[in-house]
Amino acid sequence: MLRVYQTVRRIRTLGPYDRFGLWLQGCERNCPGCISPEAGRMDGGYLADEDTLAGEILSVPDIEGITVSGGEPFLQAEALEKLLCRVRREKDLGVILYTGYTYEEVAGHPLLRQCDALIDGPYIKEADDGRSMRGSSNQRLIHLSERYRGKIEYGEWGRKIQMAETDRNEVVMVGVPSGHSADFARYLRDFWKGGPDGDH
Ligand code: SF4
């Protein structure tokens with residue numbers, strides 16, 4: 001079983017081509033400025049088994065890959081590896097994974113065999129440099145296969161965001177926001193949570 005924060009069937013940010021977006025629930029870091037702190041709660045989200053999630057991913061036509069973020073995907077590494085193995089056995093999908101761990105901390109982990117590219121390290125607000133694909137300059141894009149080499153590089157394009165509907169029928173902002181768009185992403189998050197700024 002995996003504890004999921006949200007899924008989006010088709011995203012056009014956080015990697016090239018059309019992709020399936022999977023955000024896992026649970027992270028223990030509490031980085032100041034984290035764009036999705038509610039994804040950090042260890043008891044939040046919902047539980048889904050690998051077969052259900054695999055079916056959901058495989059039902060989306062014409063996607064090139066999956067982007068996995070969180071939360072911290074490595075807290076559920078075993079189940080995530082099982083899911084990715086199951087999906088990639090049936091369809092040639094590329095995998096981009098965001099983690100708060102550094103590559104050195106997870107090097108050799110079996111989950112990395114199911115990933116084509118890793119964006120590593122926690123978000124550091126003071127090091128936010130506005131470049132594409134990552135939140136802060138400590139985060140590295142590490143190619144684990146040749147699949148995305150030359151197709152995703154930092155700075156190749158500016159940060160981009162999209163509005164998308166999740167599996168919970170909520171409209172969220174997907175991508176790495178900055179400035180006003182980061183404020184708007186927080187506003188949307190509070191709106192759906194009915195928080196202080198979410199007047200509903
Ligand atoms: S590691 Fe990522 S998900 Fe976890 S608190 Fe930091 S920015 Fe948020």
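Atoms within each ligand, like the ligands themselves, are counted from 1 in listed order. Basis for what follows: all heavy atoms, side chains included, without hydrogens, waters or symmetry-related copies. If you read the sequence from its start, that first residue is 1, and numbering goes on from there. All values derive from a computational prediction rather than experimental measurement.
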*Is the shortest side-chain N to carboxylate O distance from Glu64 to Arg147 below 4.0 Å?*
yes
*Tell me: protein heavy atom nearest atom 5 (S) of ligand 1, and distance?*
Cys31 N, 3.3 Å
*Please identify which atoms of ligand 1 are closer than 4.0 Å to at least one heavy atom of Arg29.*
1 (S)
_With the threshold set strictly below 4.0 angstrom, can you tell me whether any protein non-hydrogen atom sits that near atom 2 (Fe) of ligand 1?_
no
_I'd like to know if Asp51 pairs up with Arg86 as an ion pair, taking the criterion as any Lys NZ or Arg NE/NH1/NH2 lying under 4.0 Å from an Asp or Glu carboxylate oxygen._
yes
_Please determine whether a side-chain nitrogen of the Lys or Arg among Arg134 and Asp120 lies less than 4.0 Å from a carboxylate oxygen of the Asp or Glu._
no
*Got a salt bridge between Glu28 and Arg41, using NZ or NE/NH1/NH2 to carboxylate O under 4.0 Å?*
no
*For Asp128 and Tyr123, test the side chains for any donor-to-acceptor distance below 3.5 angstrom and give the result as yes or no.*
yes
*So does Cys34 have any N/O/S atom less than 2.8 Å away from atom 8 (Fe) of ligand 1?*
yes
*N/O/S atom of Cys27 under 2.8 Å from atom 6 (Fe) of ligand 1, yes or no?*
no
_Classify the ring geometry of Tyr101 against Phe74: parallel below 30°, tilted from 30° to 60°, perpendicular beyond 60°._
perpendicular
*Distance filter under 4.0 Å to Gly71 heavy atoms, resulting ligand 1 atoms*: 3 (S)
*In ligand 1, which numbered atoms sit nearer than 4.0 Å to a non-hydrogen atom of Tyr123?*
7 (S)
